[in-house]
Structures are given as structure tokens and as C-alpha cells.
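Input: a single structure, listed below in C-alpha cells.
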There are 2 protein chains.
Amino acid sequence: MATIKDVAKKAGVSISVVSRAFNNYPDINAKTREKIFEIAKELNYTPNIVAKSLSSKRQKTIGLIASGIFTENTKDTISFEILKGVYTGVQENDYELSIFLIDSFKQEQKSYAQFCRDRKIGGIIVQGIRTDDPYFHELMDTNIPCVMIDLATELDNQLIGSVTSDNFGASRELASYLLEKNHRDIVVMAGTKETYVNAERFKGTKSAFDSYGLELADEDVLYAEFSEHKAYLLAKKYLQVKRPTAFICYSDLMAYGVMKAVKEKGLRVPDDISVVGFDDLMVSDFTQPRLTTIRQDFFEMGKQSALLVQQMMEKKEGTKQKVVNCELMERDSATGWKEHIKEEEKSNEQTEHTNDYLTRYR
Amino acid sequence: MATIKDVAKKAGVSISVVSRAFNNYPDINAKTREKIFEIAKELNYTPNIVAKSLSSKRQKTIGLIASGIFTENTKDTISFEILKGVYTGVQENDYELSIFLIDSFKQEQKSYAQFCRDRKIGGIIVQGIRTDDPYFHELMDTNIPCVMIDLATELDNQLIGSVTSDNFGASRELASYLLEKNHRDIVVMAGTKETYVNAERFKGTKSAFDSYGLELADEDVLYAEFSEHKAYLLAKKYLQVKRPTAFICYSDLMAYGVMKAVKEKGLRVPDDISVVGFDDLMVSDFTQPRLTTIRQDFFEMGKQSALLVQQMMEKKEGTKQKVVNCELMERDSATGWKEHIKEEEKSNEQTEHTNDYLTRYR
DNA sequence: CTGTTAGCGCCTTCAG
DNA sequence: CTGAAGGCGCTAACAG
């Protein structure tokens with residue numbers, strides 16, 4: 001375990017020179033610097049991050065605070081994708097990552113702000129935490145730069161950034177997709193009303209309806225709080241009185257619930273009712289039928305968050321709101337309304353071919 | 001940001017007393033201790049972990065080194081489960097966790113040992129790294145306690161522990177399950193031969209065959225390196241010449257590949273050929289048909305690893321090899337072999353265990 | 001039981 | 001361009 005001292009001694013300079021060399025200070029003789037690096041390599045020396053973090057003025061560690069990871073549906077692997085993205089972005093510029101996973105069940109939650117102080121965390125990324133979380137507000141009141149994933153920020157706070165999917169655009173595209181296919185009796189299985197992503201998606205849906213001169217009736221908008229089971233129950237109830245031609249769901253999980261309700265009603269997806277989702281979870285490529293949905297690039301969102309928070313930590317200028325594009329994954333759970341009836345009549349045999357193989361290579 | 005100094009001053013004691021109070025030293029007056037805690041709470045003080053880690057003799061941070069997370073099949077969410085388990089186990093006892101994700105594609109890998117030194121890591125958990133990784137050996141040569149997940153350890157090194165699934169037992173159960181259902185033409189889609197888990201699973205399979213007086217022919221054991229696509233290709237090729245009644249796959253991913261090959265051959269799963277897997281990935285509950293497989297409890301494995309490495313760091317006695325139980329998930333991809341059932345009906349059950357049988361099916 | 005005194009390994013003024 | 005010196009916040013002997 002070589003320390004900075006060893007390097008300094010062997011190089012015949014003082015430790016402060018070594019330190020400066022390693023931190024890319026400009027005021028070091030090129031030769032000295034070179035020699036130092038040489039010796040460092042020889043001695044297999046790398047700066048101790050802990051000591052560095054303790055003594056240094058500027059923080060180099062980023063905190064990722066994620067909630068709901070333990071309680072969330074196991075089909076839901078979004079947090080992992082985000083984590084991978086964050087890790088990638090953090091590592092790219094030699095920052096350190098410290099993760100803090102919140103379990104909303106456990107009582108003994110610790111203050112996020114304290115978590116940061118104790119670890120000398122200089123910038124943080126929050127994901128999946130609720131805006132009414134008291135610790136969240138405490139955190140916002142610190143002077144630590146913070147980027148939020150999928151959370152709105154009306155506050156014009158220079159210390160707060162955000163990264164989200166293009167919820168509006170994607171949602172608009174999704175609704176348009178159905179509208180183009182002549183669906184007119186559409187019900188929206190929304191998530192949690194107060195939520196930022198929900199609001200954005202709803203705007204997108206409405207915007208698409210607007211373009212067609214259509215309106216969304218209140219009774220055709222259901223709120224299932226992003227829960228598979230609640231969506232199932234709501235859809236089931238709805239189908240007892242009405243028969244729409246399509247469901248737009250604001251999450252894949254809810255789409256699964258809806259599909260279940262539709263099937264239990266003795267109806268077919270998509271022949272009788274089309275169902276589309278939002279997220280593109282892994283499982284959506286394996287449902288029966290495969291779910292047409294919006295793919296969110298969670299990895300990219302994580303990575304962008306890391307990059308953004310670094311930018312803020314380094315006090316560089318730049319936009320503090322990043323939007324990541326989505327992609328419509330056209331699969332088998334939605335079909336044209338009316339047209340498909342004709343199609344079905346003329347070609348019965350073709351259809352069997354499509355659903356057969358589950359395993360596909362991308 | 002209150003520091004230990006502030007608390008000491010306000011409490012009218014020296015900082016070392018505060019330090020000792022917080023570290024539960026016995027030689028502190030109960031009243032003093034109480035007062036210190038009181039003031040600490042008042043000042044909202046908690047010890048700075050970085051400073052602690054720098055100055056303390058005993059290390060309190062655990063490293064998780066995981067490989068293959070970025071390159072692995074996206075259906076494969078095993079690493080995430082392990083991570084969650086590790087996090088849980090680490091947090092339970094106020095250790096710190098530092099993660100190190102290796103991307104085998106990237107050239108610029110860093111030394112694991114250095115990673116540990118730089119962070120004052122006192123114990124580490126490795127997952128998914130290959131035994132022929134040079135950095136791995138360097139790590140083993142340090143005096144840092146290390147627990148390996150799903151890796152064998154013949155070495156009787158006091159600094160090395162391991163946590164694995166009960167690969168042998170589960171595999172034996174899996175084969176027995178098929179054997180009981182009268183399958184006799186079974187092919188094994190194995191993983192990577194040199195791998196610990198593969199060897200254990202293979203032993204399990206053989207053990208089950210032994211109990212039935214059967215043997216496994218070499219040509220009926222295929223090695224697909226745990227790859228979905230390779231398994232698909234191997235199965236496809238195999239089916240061109242032979243027609244087994246069942247496939248035992250040493251991973252779910254490979255089972256998907258096999259199912260695909262079976263279906264492409266115009267055969268049905270499980271009516272014509274049964275297929276079973278190992279892992280129980282999320283997707284296995286959604287394949288068509290749903291995959292019968294062995295569920296591994298990766299969360300528990302992660303948690304046990306964390307607990308074990310702590311035990312080693314604290315130099316406590318105890319077993320250094322932990323085995324986590326698996327569970328057979330009986331779903332729809334395997335069924336009884338009908339022709340055998342008929343045969344059996346006419347003949348005596350006793351004959352089943354004779355040598356006749358063995359020769360007949362060799 | 002408590003205080004004093006060195007560090008842990010590095011960064012960062014401030015002189016020179 | 002380089003060196004000396006004083007921390008960062010805490011732990012750990014060692015006296016008292």
C-alpha cells in the first residue's frame with residue numbers, strides 16, 4: 001500500500017507536488033509530473049479515495065437515493081436499469097457512487113440529507129420518492145445539487161435538475177396510433193393523478209384527441225395508481241357496463257391487469273379490444289398477446305442524470321431539464337378497429353404463425 | 001454540520017469521550033454517555049463516515065464486485081436480486097456498501113485489489129467473475145476476507161467463503177421429477193463445463209439417474225455455455241437425428257432456446273417433448289408454456305453473502321460455506337411420458353430398476 | 001472513567 | 001514552479 005508519501009520520497013519532491021500532479025494542476029513542471037507518474041506506476045500507487053474525500057474541498061461522490069425497490073412488483077426492473085445507467089455515467093468521470101435504497105415499509109428511515117453529509121456527498125439523484133416525503137423536502141433545502149428522475153420541478157431552483165422521458169410526446173404518439181386505427185371508444189387507464197408522469201401522459205393523450213376533434217369523457221378515465229391489480233379491478237367493473245374498443249394504459253403493469261380483465265370477460269385481445277401500455281417491461285414481450293407499448297430508455301435516463309448532476313456540481317452552465325426519447329414498440333395487442341374484421345375473414349391461417357415463438361433475438 | 005468537536009464542547013468533555021460513547025465503549029460513565037447522546041441529538045450530529053473510515057483500524061465497508069451486469073441477457077435480472085440481498089444484509093449491521101460493476105467488454109478494467117485499497121474496503125463479495133480472471137487471483141492474494149457467490153473453493157483458505165444454491169440437490173430433484181414421470185430419453189443441455197455450478201448440477205443429474213439404475217450417455221449431454229442462442233442451435237441440431245422425450249436445461253435462458261428449437265421442429269412442449277430449466281427468471285412464468293424450473297433464491301444468497309463476509313471481517317468463528325435452498329416450480333412445460341405409462345401398466349413396476357432397463361436405454 | 005496526543009492519507013493555502 | 005504547515009473529522013493508544 002504505497003501512499004503519497006512514498007511516491008514523494010522516491011521522486012525527491014514534496015507530497016504537495018505529487019498531489020498537484022495527480023489533480024492536474026497546471027503549475028507543475030512537465031518533467032516533474034512525468035517522473036511522478038512514472039514512479040507512481042512503479043509503486044502501484046493510486047490516491048486513496050477516502051482520504052481524498054475527507055480532505056478535499058470539492059466533493060466527488062454522488063448519491064443515488066431510490067425508493068420502492070424492495071416493495072415494487074418483481075416484474076418491474078426499471079430501477080435496475082436506472083442504476084446501471086447512473087453507474088455508467090458516474091464512472092465515466094471518476095466520480096464515486098453511493099447508493100441509498102429506501103424501503104417505505106421500514107419505519108426507521110434516515111434523513112437523506114444526513115446520509116449525504118455523513119458521506120460527503122456532493123450531488124444526488126433521486127428516483128421513485130414521493131414529493132410529500134418530508135425527508136425529500138429537507139433535502140431540497142440543503143445546498144446540494146439534486147436531479148430528480150421523473151419528477152416535475154416547477155421551482156426555479158438552480159440546485160434542482162430533472163430527467164424525464166418524453167412522456168407527453170410518447171403518450172400523444174400512443175393515442176394517435178390507436179386513433180389512426182379508427183378506435184373511437186377508448187378508455188384511459190391512468191396511474192396516480194397527482195403524479196408528474198401521469199399528468200404529462202394525460203396531456204399527451206388529450207393532445208392526440210384534440211387533433212382528431214375528439215374529447216375524453218371523465219368517465220372514460222380510470223385511475224389505478226399504476227397497480228396491476230387495481231387496473232384489473234377497474235377494468236373488470238368498467239366492462240360490466242361498457243364495451244370500449246381500446247384501453248390506453250399508463251403503465252405496462254396496468255396493461256397486464258386490463259388484459260386479464262378483458263380475457264376473463266370472454267373477450268379477445270386485440271380482436272375485440274386493443275390494449276396498449278407504457279414502459280416496455282421485459283415481460284411485455286412475452287405476454288399473450290405481446291404488448292404494444294412505449295419503451296422508456298431507463299438506462300439512458302440514469303446516465304443522463306449522472307451527467308447532469310456532475311454538471312451542476314461543477315457549476316457549469318447548461319440546461320437543467322433533460323428529456324429522453326421514447327419509442328413505440330408495435331407488437332400484437334392492438335389492431336385496427338373495423339379493418340381487422342375484414343382482414344380476419346380473408347386470412348385465418350396467417351395469424352397462427354405470429355404468436356408462436358416466444359423467444360426472439362434482438 | 002455539527003462535528004464531534006461541537007458535541008464535545010457543548011457536553012463539556014473531550015472529543016475522545018464522545019467518540020468512545022458513539023462506538024459503545026464500556027468505559028464511559030453512563031450519565032456522561034447519556035448526556036452526550038442528548039446533545040448529539042440536539043445538534044443533529046451523526047459521525048462522518050468518511051472520517052471514520054479513514055482513521056479507524058477496523059474497516060466497515062464491504063465491496064460488491066459484480067461482473068457481466070452490462071453484457072448479460074436483459075431477461076436476466078439475477079444480479080439485481082443479489083444486489084438487493086447484499087444491500088439488505090450490509091445495511092442491517094451498519095456496514096457501508098461500495099459497488100464495482102465490471103464490464104468485460106471494456107478494456108480498462110481496474111485491479112479489484114486496488115479498488116479495495118483505495119476505498120478502505122475490509123471485505124468483499126464477488127459475483128459472476130471468472131476464475132481465470134487475473135485480477136481475481138490478485139484479489140485472493142490479499143488478506144481481505146472474500147466471499148464468492150456460486151463459485152467453488154477447494155482452497156482451504158480462511159479468508160475465503162462461499163455462498164451457493166443447493167445446485168446438487170435441486171438438480172437431482174429436477175431429474176428425479178422427470179424420471180418419475182417415466183422419461184427415459186432425456187438430454188441434458190448443460191452450461192459451461194468448467195464452471196462450478198455446472199459441475200454440481202451435473203452431479204445432481206447423474207445421482208438421480210443412478211437411483212434409477214440409468215446412465216447418461218455422453219452424446220446426450222450438450223454444452224451451450226448458458227447461452228440461449230447456443231442452446232437453440234444445439235437442440236435444433238440434436239433434433240435432426242434424435243427424438244428425446246425431455247430436455248433438462250441448466251438455465252432458463254437455455255430452456256427458452258430449446259423450446260424454440262422444439263417448436264420449430266413442429267413438436268409441442270410438453271406433449272411431445274418436456275423441457276425444464278434452472279433459475280426461474282421472471283419471464284419463465286410467461287413463456288408458452290410456462291416453464292417448469294428450479295427457483296434460486298438470489299436475494300437470500302446476496303444477503304447471506306453479506307452476513308458471511310461480516311462474520312469473517314469480525315473474525316468470528318462459523319462455517320464459511322453457505323448453501324441456500326432451491327424450490328422446484330412446477331408449471332406447464334413438463335408432463336408425464338405417456339408411452340412409458342402404458343408400458344408400465346402392463347409390466348411390473350419392479351422391472352424398472354433392473355439392468356435390463358439400463359441396457360435398453362443406453 | 002477521562003483527557004492528551006498522534007496519526008489516517010490527502011488537499012490547499014501561503015510563502016518562497 | 002515547489003515546499004512547509006495546517007487542517008478534514010475521527011479513532012486509538014497512553015497517561016493520568
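We name chains A, B, ... by the order of the sequence lines, and we start the count at 1 in each one.
- Counting 5' to 3', DNA chain C first comes under 4.0 angstrom of a heavy atom of chain B and last does so at the ends given by C:dC1 to C:dG9.
- Under the ring pair (Phe, Tyr, Trp, His ring centres under 6.0 Å) criterion, B:Phe136 pairs with no residue, sequence neighbours left out.
- Within the nucleic acid shown, A:Val13 comes within 4.0 Å of sugar-phosphate atoms alone, with no base atom in reach, counting heavy atoms only.
- Note: CG (A:Asp27) to P (D:dT2) measures 8 Å, nearest angstrom.
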>> I need a per-nucleotide contact map over nucleotides 10-16 of chain D, read 5' to 3'. Cutoff is protein heavy atoms under 4.0 Å; write B for the base, S for backbone only, - otherwise.
In response: BBBB---
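- Checking side-chain atoms of B:Thr192 against main-chain N and O of B:Thr195 turns up no donor-acceptor pair under 3.5 Å.
- Applying the ring pair (Phe, Tyr, Trp, His ring centres under 6.0 Å) criterion to A:Tyr95, with sequence neighbours excluded, gives no partner residue.
- Using a 4.0 Å heavy-atom cutoff across all strands shown, A:Ile28 reaches sugar-phosphate atoms only and no base atom.
- Applying the salt bridge (charged side-chain N to carboxylate O under 4.0 Å, His left out) definition to pairs two or more places apart or across chains, those involving residues 21-31 of chain A are A:Arg20-A:Asp27.
- The side chain to side chain donor-acceptor pair (under 3.5 Å) search around B:Asn48 returns none, not counting sequence neighbours.
- With sequence neighbours excluded, no residue forms a ring pair (Phe, Tyr, Trp, His ring centres under 6.0 Å) with B:Phe299.
- Every pair passing salt bridge (charged side-chain N to carboxylate O under 4.0 Å, His left out) that includes a residue from residues 40-68 of chain A is listed here, sequence neighbours excluded: A:Lys10-A:Glu42.
- The salt bridge (charged side-chain N to carboxylate O under 4.0 Å, His left out) check on A:Arg33 picks up nothing, with sequence neighbours excluded.
- Annotation: ring pair (Phe, Tyr, Trp, His ring centres under 6.0 Å) contacts of A:Tyr25 (sequence neighbours excluded): none.
- Within the structure, ring-ring contact (aromatic ring centres under 6.0 Å, His included) contacts touching residues 39-68 of chain B (residues at least two apart or in different chains) are B:Phe22-B:Tyr45.
- For the helix from C:dC1-D:dG16 to C:dG16-D:dC1, the axis fitted to the five pairs at one end and the axis fitted to the five pairs at the other end meet at an angle of 40° (nearest 10 degrees).
- Across all strands, B:Ser53 comes closer than 4.0 Å to no nucleic acid atom at all (heavy-atom distances).
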